[in-house]
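Worksheet: one structure, shown below.
Computed over heavy atoms, backbone and side chain alike; hydrogens, waters and symmetry mates excluded.
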Amino acid sequence: MEELERITRLETQHNEMMRLLQETRHDMKEMHQDMHELKESLTRWKGISAGIAITVSLIWTVILGVYGIFAGK
């Protein structure tokens with residue numbers, strides 16, 4: 001009888017481990033998807049920031065160029 005109880009206990013532990021493994025896989029898939037969305041968001045904001053920096057630089061260049069033209073005369 002002792003062997004049967006041990007086998008039953010091992011099967012129960014095995015089933016629990018398999019259930020936990022499936023949950024972990026599901027959680028990892030969700031984490032991967034979240035990381036992908038975060039990467040896309042950061043990439044988008046980098047592009048917007050770069051566009052703003054270039055625009056500000058061009059505006060200052062035009063302002064200083066116009067000032068240089070009129071101040072030089």
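- In this view, I54 and L58 satisfy the side chain to side chain contact (heavy atoms under 4.5 Å, CB included) rule, not counting sequence neighbours.
- In the hydrophobic clustering, M17 connects to no other residue, as no ILVMFWY side-chain heavy atoms lie under 4.5 Å from its own.
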Checking salt bridge (Lys or Arg N to Asp or Glu O under 4.0 Å) for the pair E5/R9: CA distance, chi angles, key distance, verdict? CA-CA 6 Å; E5 289 173 353; R9 189 171 1 137; 5.9 Å; no

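- Formation of a donor-acceptor pair under 3.5 Å by the T55 side chain with backbone atoms of G51 is found in this model.
- Here the NE2 atom belonging to H32 is positioned 10.5 Å from the CD atom belonging to E37, to the nearest 0.5 angstrom.
- Qualifying side chain to side chain contact (heavy atoms under 4.5 Å, CB included) partners for I52, counting only residues two or more places apart in sequence or in other chains: I48, V56.
- Residues that satisfy the side chain to side chain contact (heavy atoms under 4.5 Å, CB included) test with Q22, not counting sequence neighbours, are R25.
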E3 vs R6, salt bridge (Lys or Arg N to Asp or Glu O under 4.0 Å): CA-CA, chis, key distance, verdict: CA-CA 5 Å; E3 277 189 36; R6 289 176 63 192; over 6 Å; no

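- In this structure, CG in D27 is found 8.0 Å from CE in M31, a value given to the nearest 0.5 Å.
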Run Q33 and K29 through side-chain contact (heavy atoms from CB on, under 4.5 Å) and show every step you take. CA-CA 6 Å; Q33 183 179 2; K29 286 180 183 178; over 6 Å; no

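- Taking the side chain to side chain contact (heavy atoms under 4.5 Å, CB included) definition, one finds that E40 meets it with H36, sequence neighbours left out.
- Hydrophobic clustering, defined by side-chain heavy atoms of Ile, Leu, Val, Met, Phe, Trp and Tyr closer than 4.5 Å, groups L42 together with L38.
- If you take CD1 on I7 and OG1 on T12, they are separated by 11.5 Å, rounding to the nearest 0.5 Å.
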